[in-house]
Each structure stands twice: as structure tokens, then as C-alpha cells.
Amino acid sequence: MHTSWTCSITPNFGDADPLRHINNCVLPVWFELARTPIFSLFHPSLDYDTWPLILARIQVDYISQMKWGTDVDIRTYIKKFGRSSFTVYQEAFQNDVLGAKGEAVLVHFDYRTQKSSPIPAHVAKELEKHLVDPTNPNLRTRSGRFPAL
């Protein structure tokens, strides 16, 4: 367990500000891109017309400066999951230094009925393989405590 999905991003010139810092608006986009393997678990075709997920919340903590000119590696884990929703935990590293971390809450959703629906058992089994190690030091809050999983 505790395996991540990984994604390497090469920042575009336009992803940076005049000081070559990665713009804060870029990280949520990169994190979404790195969630594609999760999207594929739920919906292998990735067809918009029958999409089964809805985003409920995102949060990004900026930890250290990231700059244009060096790839950013994103590690994606599952923090927790329940009957119909799950929390994705992500980390962005540049030169092996944590630059940002974030969470996204997604809901398995039926757009026809406008209601949540249970996560299929075969998907839950795959999500479980990617649960984040609860002792990961990057999970700590600003107070130094580990958040409740």
C-alpha cells in the first residue's frame, strides 16, 4: 500500500510570473491533470457526456517557491474514501523539495438524478491500494499535528 500515482509536469513559460515563480493559479490545474488516473478508474472512456464525478472542494497549501525551468513531480494518493465520496491528497515536488500540497474532495455523482451514488466495489478496491501513509510528514498541519484521517 501507500503507492502514489505520479505525474511529471514541465512548466510552460506562461506558468511563471516575472520573477520566474510558478503562479499560484497553476497548481490546481496541475493537480487536476495528475488526478487523471483516478478519473480513468471511475470512467475509462473519460467521456464528458457520461461523466460520473463532481468536485466538491479543493485546497492548496503553498510550501516553498517553485520556479520555471525545472520539472515538477506530482504524487497523488487517496487520503480517505467513504460510500460515495473520497479525498485525494497531492504533493508537488521540484528538485525533491515539497513546493505545494493539496486536497480535493470528489463525489461519485449521477447527473441524471442529481444525487451521489455509491463508489463501485472494484473502484474502491483500487483506491485502497493508493491510500497515503498516515505517517507521511507532509500531512502535518501548520501546528505540526497530523490531521484526522
For the [atom1] atom of [X] and the [atom2] atom of [Y], what is their distance to the nearest 0.5 Å?
X    : Y    : atom1 : atom2 : result
E126 : H122 : CD    : NE2   : 8.5 Å
M66  : D15  : CE    : CG    : 10.5 Å
N95  : S64  : CG    : OG    : 10.0 Å
L139 : Y77  : CG    : OH    : 9.0 Å

Side chain to side chain, [X] and [Y], heavy atoms closer than 4.5 Å:
X    : Y   : answer
Y89  : I78 : no
I74  : W5  : no
I63  : V97 : no
Y111 : I54 : yes
P11  : W30 : yes
Q90  : F31 : yes
T6   : T76 : no
L106 : R35 : yes

Distance only, no hydrogens: is a donor on one side chain within 3.5 Å (strictly under) of an acceptor on the other, for [X] and [Y]?
X    : Y    : value
N136 : E91  : yes
T87  : E103 : no
D73  : S8   : yes

*Which ILVMFWY residues are connected to W68, directly or by a chain of links, through side-chain heavy atoms under 4.5 Å apart?*
F13
*asked:* Show, in sequence, the C-alpha distance, side-chain angles and deciding distance for T10 and D71, and conclude whether the side-chain hydrogen bond (donor to acceptor under 3.5 Å, both in side chains) test is met.
replied: CA-CA 5 Å; T10 300; D71 285 357; 2.8 Å; yes
_Side chain N12, main chain G14, donor-acceptor under 3.5 Å_ =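 It does not hold such a pair.
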_Using only atom types and a distance under 3.5 Å, with no angle test, would you say the side chain of K67 pairs donor to acceptor with the backbone of I22?_
no
*Presence of salt bridge, K125 and E128, under 4.0 angstrom*: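 No, E128 and K125 are not salt-bridged.
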*V105, L33: one ILVMFWY side-chain cluster at the under-4.5 Å cut-off?*
no
_I need the full list of ring-ring contact (aromatic ring centres under 6.0 Å, His included) pairs touching residues 34-61, with sequence neighbours left out, sorted by first then second residue._
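For residues 34-61, and leaving out neighbouring residues, the ring-ring contact (aromatic ring centres under 6.0 Å, His included) pairs sorted by first residue read F39-W51, F42-F86, F42-H108, H43-W51.
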